[in-house]
Amino acid sequence: MPQIVAQDPKGKPIYRNLPELADKIKAHSFRVLKSDCLDLPEKIYQRRYYFMEPAQRRTYQEMRDKSKAEWKDAQTTALNKLTAMMRLQQIVSGYFPFEEGKPASRMFNTLTENPKIRALLEQVEEIDGQVIIFCRFVQEIQDLAEVLKEYGTVECIS
């Protein structure tokens with residue numbers, strides 16, 4: 001088991017028994033770099049902004065300020081900051097997060113009413129060629145796959 005035995009001058013932990021750990025996990029893991037297996041162009045980073053719908057924004061602000069929110073007849077709470085951050089991400093994506101163990105509910109009647117999906121579709125229409133879209137939540141992947149079918153082949157990896 002690796003053990004933190006000290007810290008270096010910059011405050012990083014110094015471990016011991018790392019070679020032993022590496023030997024133990026070697027049979028169960030492998031490492032492949034993207035550059036070794038994919039022929040992809042360089043990433044292009046762009047910020048795209050959109051405005052949440054008023055009710056969505058109120059729900060977001062309520063969760064941000066009080067760590068609890070209501071949407072229609074449902075409510076959710078966040079017991080810690082990490083859970084609150086995840087709930088905020090769900091709300092921004094257009095889903096109302098219920099309590100643990102229950103699936104999130106769509107905040108919009110149709111997928112194209114979701115401002116985040118509308119903004120994404122605008123960007124997809126500007127692109128000639130293939131697109132890779134990363135999502136945070138499985139439901140978001142499923143909904144995007146449904147909306148993007150009209151643009152061509154959609155392959156989802158979750």
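Note that the structure is a prediction, hence the values are computed from the model and not measured. Throughout, residue positions are numbered sequentially from 1 according to the sequence presented.
Shortest non-hydrogen contact noted between Phe108 and Glu53 is CE2-CG, 3.4 Å. Minimum heavy-atom separation, Phe96 to Ala69: CZ-O, 3.6 Å. Smallest separation of non-hydrogen atoms from Thr76 and Met63: CG2-CE, 3.4 Å. Taking each heavy atom of Asp36 and Val32 in turn, the nearest pair found is CB-CG1, 4.5 Å. Closest heavy-atom contact between Thr112 and Arg118: O-CG, 3.0 Å. Nearest heavy atom pair, residue Gln139 against residue Ala104, reads OE1-O, 3.1 Å.
Taking the charged nitrogens against the carboxylate oxygens, Lys24 and Glu20 do have a contact shorter than 4.0 Å, which makes a salt bridge.
Grouping the Ile, Leu, Val, Met, Phe, Trp and Tyr side chains by contacts below 4.5 angstrom, directly or via other members, places Leu111 with Tyr151. A continuous path of Ile, Leu, Val, Met, Phe, Trp and Tyr side chains, each step under 4.5 Å between heavy atoms, connects Ile117 with Ile127, placing both in one hydrophobic cluster. Cluster membership for Leu33 and Leu38, using ILVMFWY side-chain heavy atoms within less than 4.5 angstrom, is not shared. Tyr95 and Val147 fall into different hydrophobic clusters, defined by Ile, Leu, Val, Met, Phe, Trp and Tyr side-chain heavy atoms under 4.5 Å apart, directly or through other members.
Ile91 places a side-chain heavy atom less than 4.5 Å from the side chain of Met107. Contact check for Phe51 versus Gln56: no side-chain heavy atoms found under the 4.5 Å cut-off. Between Leu148 and Leu121 there is a side-chain heavy-atom pair separated by less than 4.5 Å. Contact check for Val92 versus Tyr50: side-chain heavy atoms found under the 4.5 Å cut-off. Counting heavy atoms from C-beta outward, Ser105 and Lys72 have side chains that stay 4.5 Å or more apart.
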Subject >> Intermediate values then yes/no, side-chain contact (heavy atoms from CB on, under 4.5 Å), Arg48 and Glu122 >> reply: CA-CA 10 Å; Arg48 297 285 181 136; Glu122 288 174 13; 5.9 Å; no
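For the atom pair CG of Asn109 and CG of Asn114, the computed distance is 11.5 Å after rounding to the nearest 0.5 Å. Atom OH in Tyr60 sits 9.0 Å away from atom CD in Gln89 (nearest 0.5 Å). Interatomic distance, NZ of Lys68 versus OG1 of Thr59, reported as 14.0 Å (0.5 Å rounding). Here Leu120 contributes atom CG and Leu144 contributes atom CG; the two are 5.5 Å apart, rounded to the nearest 0.5 Å.
Within 6.0 Å of the CD atom in Glu126, the count of heavy atoms belonging to other residues, nucleotides or ligands exceeds 12.
Remark: the backbone N or O of Ile25 is paired with a side-chain donor or acceptor of Ser29 at under 3.5 angstrom.
Residue pairs meeting the salt bridge (Lys or Arg N to Asp or Glu O under 4.0 Å) criterion with at least one member in residues 133-153, sequence neighbours excluded, are Arg106-Asp143, Lys116-Glu140.
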